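Right, one structure below, let's go through it.
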Amino acid sequence: MSASAAAASPALRFASTTPRLAPLHRPLRRRFPSVQCSLAAASGVRAPPELVDSILSKVKGTDRGVLLPKDGHQEVADVALQLGKYCIDEPVKSPLIFGEWEVVYCSVPTSPGGLYRTPLGRLIFKTDEMIQVVEAPDIVRNKVSFSVFGLEGAVSLKGKLNVLDSKWIQVIFEAPELKIGSLGFQYGGESEVKLEITYVDEKIRLGKGSRGSLFVFLRRG
């Protein structure tokens, strides 16, 4: 598999995607307000800690969900549904969404990472990290770090976040940048992704892609 082909579906376009992604609604050009309060003050409704611990324990050690059997995915979905009942109002406007997040689970292995996460891709590329940084007021930075044939590599994307409604966001990404060893280049054009925030607190964030993929993000730091 060539580097350019593998990069055609970079990880951290965290929703159901193709190299150019499915056509979506025209983005609304609203902006997030600046963060004016602490994360703790913004949290409002809190889920029972055991629910948060439960979903994290179910995805731990599963290679972001790849190693889970069908009933394991259902268990994660069941807990996510329970957590969704505690989602704060208008999570897209909460400062809780900002920060550095790690993808620890996706119900569809190829949604975060595309070709990297197919059975063949996982034989060639060893995924080290899948990170998403959401910066106020409306910047998203996605990065997948991997190793291939002894070389360190990464695919990075920078995107502009647009609010669609109280729970849905759309991110329009610039052309991705691929680096392998000392080589680096940009390729392709803009792409976009749509994601529903179904739960967020100081520790985790849950999202559902436009084609139904479930994501679990863990806050870093």
Side-chain angles (χ1 to χ4, degrees), residues 1-19 21-22 51-84 100-133 140-157 171 173 176 178-180 191 193-200 203-220:
M1 179 186 302
S2 68
S4 59
S9 297
L12 301 177
R13 289 178 184 169
F14 295 135
S16 302
T17 66
T18 63
L21 303 175
L51 279 181
V52 174
D53 292 341
S54 175
I55 200 166
L56 290 176
S57 67
K58 291 180 184 301
V59 304
K60 184 177 181 180
T62 67
D63 191 12
R64 301 171 181 84
V66 171
L67 303 180
L68 272 180
K70 184 176 180 179
D71 58 348
H73 285 290
Q74 186 59 55
E75 290 179 6
V76 174
D78 291 343
V79 179
L81 187 62
Q82 295 179 59
L83 282 166
E100 185 174 351
W101 301 90
E102 178 181 1
V103 179
V104 294
Y105 172 82
C106 182
S107 59
V108 179
T110 56
S111 283
L115 294 176
Y116 294 111
R117 304 293 287 168
T118 63
L120 178 59
R122 293 196 303 274
L123 287 176
I124 300 173
F125 297 92
K126 180 184 180 298
T127 303
D128 297 319
E129 290 185 321
M130 293 185 178
I131 304 299
Q132 181 176 85
V133 178
V140 178
R141 301 180 188 274
N142 293 340
K143 183 176 182 179
V144 173
S145 301
F146 58 84
S147 57
V148 55
F149 305 128
L151 297 174
E152 299 298 316
V155 177
S156 302
L157 299 97
V171 182
F173 286 105
L178 172 66
K179 289 186 177 180
I180 298 180
S191 59
V193 66
K194 190 166 73 170
L195 186 73
E196 179 187 13
I197 300 174
T198 60
Y199 179 79
V200 63
K203 191 172 184 178
I204 67 170
R205 173 163 58 94
L206 305 183
K208 183 171 289 187
S210 57
R211 297 182 183 176
S213 300
L214 172 64
F215 295 84
V216 179
F217 299 84
L218 176 65
R219 192 183 299 276
R220 290 166 61 97

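If you're wondering where the values come from, they're calculated on a predicted model, not measured in any experiment.
Put simply, the side chain of Val79 reaches to within 4.5 Å of the side chain of Leu51, judged on heavy atoms. Leu218 is not listed as a side-chain neighbour of Tyr105, based on a closest heavy-atom distance of 4.5 Å or more. Looking at heavy atoms from C-beta onward, Val148 lies out of side-chain contact with Lys126 at the 4.5 angstrom threshold. Side chains of Lys208 and Lys194 form no contact here, defined as non-hydrogen atoms less than 4.5 Å apart. Between Thr127 and Arg64, some side-chain heavy-atom pair lies under the 4.5 Å cut-off. Between Val200 and Phe217 the shortest side-chain heavy-atom distance does not fall below 4.5 Å. Residues Leu206 and Leu83 are in side-chain contact: their nearest non-hydrogen atoms beyond the backbone lie under 4.5 Å apart.
A donor and an acceptor atom, one from each side chain of Asp78 and Gln82, are nowhere located under 3.5 Å apart.
The two atoms that bring Val155 and Pro176 nearest to each other are CG1-CB, 4.3 Å, heavy atoms only. Phe215 and Gly209 make their closest contact through CE1-N, 4.2 Å (heavy atoms, listed as atom of the first residue, atom of the second, distance). The two atoms that bring Gly207 and Thr198 nearest to each other are N-OG1, 4.0 Å, heavy atoms only. When all heavy atoms are compared, the tightest approach of Lys143 to Ala154 is CE-CB, 3.8 Å. Closest approach of Ser147 to Glu152, counting heavy atoms only: CB-OE2, 3.9 Å.
Relative to the six-membered ring of Trp101, Arg220 misses at least one condition, a distance below 6.0 Å or an angle of at most 45° to the axis.
Taken to the nearest 0.5 Å, the NZ atom of Lys179 stands 7.0 Å off from the OG atom of Ser156.
Look at Asp53 and Lys203 and you find a salt bridge, because one of the NZ, NE, NH1 or NH2 atoms lies within 4.0 Å of a carboxylate O, short of that distance.
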Step-by-step side chain to side chain contact (heavy atoms under 4.5 Å, CB included) determination, Ile55 to Ile204: CA-CA 10 Å; Ile55 200 166; Ile204 67 170; 4.1 Å; yes
Glu75 and Lys70: CA distance, side-chain angles, deciding distance, side chain to side chain contact (heavy atoms under 4.5 Å, CB included) verdict: CA-CA 9 Å; Glu75 290 179 6; Lys70 184 176 180 179; over 6 Å; no
Candidate pair Ile131 and Glu100, rule side chain to side chain contact (heavy atoms under 4.5 Å, CB included), full reasoning: CA-CA 7 Å; Ile131 304 299; Glu100 185 174 351; 3.7 Å; yes
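The main-chain N or O of Leu214 is found under 3.5 Å from a side-chain atom of Ser107 such that the two form a donor-acceptor pair.
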